[in-house]
Amino acid sequence: MEPEEVLAGLDPEQRAVAEAVRGPVCVLAGAGTGKTRAITHRIAYATLTGIVTPQRVLAVTFTTRAAGELRGRLRQLGAPGVQARTFHAAALRQLTYFWPKVIGGEPPKIIESKLGLIADAARACRLSFGRTELRDVAGEVEWAKVTQTRPEDYPAAAAKAGRKPPVDAVDVARIFVMYESLRRERNLLDFEGMLELTAAVLTEHREIANQVREQYRYFVVDEYQDVNPLQKLLLDTWLGDRDDLCVVGDPSQTIYSFTGATPSYLLGFTRDHPNAQVVRLVRDYRSTPQVVRLANDVLARRGTGSRADADGSRPALELIAQRDDGPEPTFTEYDDEVAEAEDVARKVTKLIENGVPAREVAVLFRINAQSQIYEQAFADAGLPYVLRGAERFFERPAVREAVVRLRGATRSGGDADNDGTGLIATVRHVLSGIGFNDKAPEGTGAAREKWESLAALAQLAEDMAVADASAGLVEFVAELEERAAAQHAPPLEGVTLASLHAAKGLEWDALFLVGLTDGTLPIIYAETPDQIEEERRLLYVGVTRAREHLALSWSLARAPGGRKVRRCSRFLDGIAPQTSTSTPARMTRTDRPRSAKGPQPCRVCARPLTAALERKLGRCEGCPADLDEALFAGLKTWRVATAKEQKVPAYVVFTDATLQAIAERRPESEAELAVISGVGRAKLDRYGASVLALCRGETPATTPDLLD
């Protein structure tokens, strides 16, 4: 690829980044402004023009997924030799290489979780805590280590930082001391120790520092607003007295201060490097003008009490939308969390019916505990979902087996054995040997998860074939192995359920931000002005994950029939319709028929219904029901034919629970059919006539096309 080709298609600001091939450079990049595109084109342009060889470049980011994406893009741009790694991966690589020379002996084992060692340390200190407290203590130890705080200084440092330790600060310090003692005794090394030891080796051994600095002369650091003091120490050690450094970040996306990350290095970059070139990326290519307007409004209403506001050092990047208009974001208030989750499931179903792929829909919440009610609602609705942060993709049994078989196929000439029909057909042929086909199993569970995993591999093969028509099975297996090493999973065919923190760096066509109440966002333990503003930035990050469809919602009570004492998040004051800084939010409710006095009663015994299946059936599971089995069978047969005709999974038409409820109630009119859970306005219009005909014992007319 020629250098000028790399610059083609960049906007003026992105091109300025790409052409700034010598550091120091600071790129302030708003959400959706193409920062990854800008920095990868900068690296490629520098290598193609001879400024630096690819092997001398080290691009550092914070997640294995982001590092994998950087490497993939750089390969496409003709810079395949560039090292793109996380701080920890780069440090581990260097430490492993130099260990025999400078330390010798058995290298330590890297521990991914501190929890077990923290528990042992607590017992050694004769302290007894539950798992939750131990996990929080581990977080405090991690914070102390990344901020370079010694155990004896922890109580004072925690108080100064406004932290609230889960147990007495003195006990945290005692556990910290014992943790370090046990770690050394057992020859273990945690991630923070890995960074610290790497920096120490480079500092104490000049010849090794010179070797590393000779190897890496050109540095790019992504998400620079999230760098912590320990990572900054290692970066400075790598750099030495050089300044060929490009940093990229957005102060408005600083959401990890509680872990020790600080935007001060990004905001103070020009103080440390007075000759730095600063480029601002503000053209948002991701989201519609309606979403961008809301994102800007969220930041524009920030408070004035934080330290950053006091010295004016955190100016917000006001995004400028580049896409065509889309739908306005919606704001909905619900009586309780159950109603909120069920209505979100209905809206997601409608989006999927109208052509939005399930993998392009996400539900984001503030804390992981909020996922349970959505998992239940989606399972009841027959919606496939992926819980982000659960089991790693490449550790799933089906994926491991598939990779083994694909690797075996390369040794036996798998590409040639498939009559030259290409990578896509070859991969599908191999996957079919472990049960993969084009039809997804209904419902959720192990069978559905296996199918989704194999479907993701098949889709990855299609994406690779589109990107490189010459790619074969050998290249595909190499891609899988690299992704497995970096834990860079392909997107799964299911709605994403994730926390706002876990969603950083991702994006979807349709997004639901749920549970937006005061006490949840901002979280109840955010008390200082700085902590409150970090919660606001968390909402901003959430909003900017949406490309087109965005729905924000909250509920007034936790459970059906509970006291409605909640109010919507203060961050929506003056933004959501009918909200202000002085009155609680009162939004238009969902049009689902619902009792204003509490949960739906059983139609047989009148007991309040709380279980999701019971609410769908309209009765207690134990209450007698007059199921018309012939009608139920007829409805299921009709559903299969309709789903096949419209080329959608059967559950998209109606779930089994909804068909059972119809077969029990045998509605005679649209009004009677409409009150059955799972039959919304869209499905009533599309399928109502056919269902009522079946209920009358008649043959239904042809169902309207899905997109009519």
Side-chain angles (χ1 to χ4, degrees), residues 3 6 17-27 39-62 64 66-68 70-71 73-75 77-104 107 110 189 191 193-222 224 227 229-248 265 269 272-273 275-277 482 485-486:
V6 172
V17 173
E19 291 180 326
V21 291
R22 285 296 187 188
V25 177
C26 178
V27 182
I39 60 176
T40 52
H41 283 246
R42 177 184 185 269
I43 294 170
Y45 187 66
T47 60
L48 291 171
T49 53
I51 299 297
V52 64
T53 59
Q55 293 74 21
R56 298 253 191 271
V57 181
L58 179 58
V60 187
T61 187
F62 279 81
T64 53
L70 281 175
R71 287 193 295 271
R73 292 200 191 190
L74 287 167
R75 279 198 302 269
L77 291 171
V82 171
Q83 295 295 308
R85 300 182 182 278
T86 64
F87 273 102
H88 295 112
L92 179 60
R93 184 181 179 89
Q94 293 173 20
L95 195 60
T96 302
Y97 181 80
F98 292 113
W99 185 272
K101 181 177 180 180
V102 300
I103 301 176
I110 306 299
L189 195 62
F191 287 133
M194 183 200 309
L195 300 188
E196 193 170 32
L197 188 54
T198 303
V201 166
L202 296 177
T203 301
E204 296 171 9
H205 298 270
R206 181 175 296 275
E207 72 283 4
I208 291 178
N210 291 337
Q211 188 175 342
V212 170
R213 291 166 188 166
E214 176 65 22
Q215 172 67 49
Y216 298 119
R217 298 185 174 187
Y218 203 80
F219 292 85
V220 177
V221 184
D222 195 10
Y224 200 60
V227 166
L230 184 54
Q231 291 164 334
K232 180 64 163 55
L233 171 66
L234 179 59
L235 177 62
D236 288 344
T237 308
W238 283 336
L239 278 167
D241 58 1
R242 300 166 300 169
D243 64 358
D244 230 338
L245 170 66
C246 174
V247 301
V248 188
Y265 304 124
F269 191 80
D272 296 337
H273 303 276
N275 299 322
Q277 181 174 345
E482 182 174 331

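No experiment lies behind these values; they were computed from the predicted model shown.
Annotation: the span from L239 atom CG to L234 atom CG amounts to 10.0 Å, rounded to 0.5 Å. Atom NE2 of H41 and atom CG of L77 lie 4.5 Å apart (nearest 0.5 Å). The OG1 atom of T198 sits 4.5 Å away from atom CG of L95, with the distance rounded to the nearest 0.5 Å. To the nearest 0.5 Å, atom CD1 of residue I110 and atom NE2 of residue H88 are 10.0 Å apart.
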Applying side chain to side chain contact (heavy atoms under 4.5 Å, CB included) to L70 and I39, what does each step give before you reach the verdict? CA-CA 9 Å; L70 281 175; I39 60 176; 4.1 Å; yes
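Shown here for K232 and V227, the closest heavy-atom pair between the two residues is N-CG1, 3.7 Å. Of all heavy-atom pairs spanning A67 and T61, the tightest one is N-CG2, 3.4 Å. Contact detail for A44 and T47: the closest heavy-atom pair is O-OG1, 2.8 Å. Shown here for F98 and Q211, the closest heavy-atom pair between the two residues is CE2-OE1, 3.6 Å. Across R85 and R93, no two heavy atoms sit closer than the pair NH2-NH1, 2.9 Å. For the residue pair L195 and A91, the shortest heavy atom distance occurs at CD2-CB, 3.6 Å.
Using a 30° and 60° split on the angle between ring planes, Y224 and F269 fall in the perpendicular class, above 60°.
Between F219 and W238 there is a side-chain heavy-atom pair separated by less than 4.5 Å. Looking at heavy atoms from C-beta onward, R217 lies out of side-chain contact with D244 at the 4.5 angstrom threshold. Inter-residue side-chain proximity for R213 and T237 is flagged as met; some heavy-atom pair is nearer than 4.5 Å. Contact check for Q231 versus V60: no side-chain heavy atoms found under the 4.5 Å cut-off. Within the 4.5 Å cutoff, the side chain of V221 has heavy atoms near those of the F87 side chain. The shortest distance between side-chain heavy atoms of W99 and L197 falls below 4.5 Å. Proximity of V21 to Y218: side-chain heavy atoms (C-beta onward) are separated by under 4.5 Å at one or more points. Side-chain atoms of E214 and N210, non-hydrogen and from C-beta on, never get closer than 4.5 Å to each other.
Using modelled atom types, no side-chain atom of Q55 and backbone atom of Q83 make a donor-acceptor pair closer than 3.5 Å.
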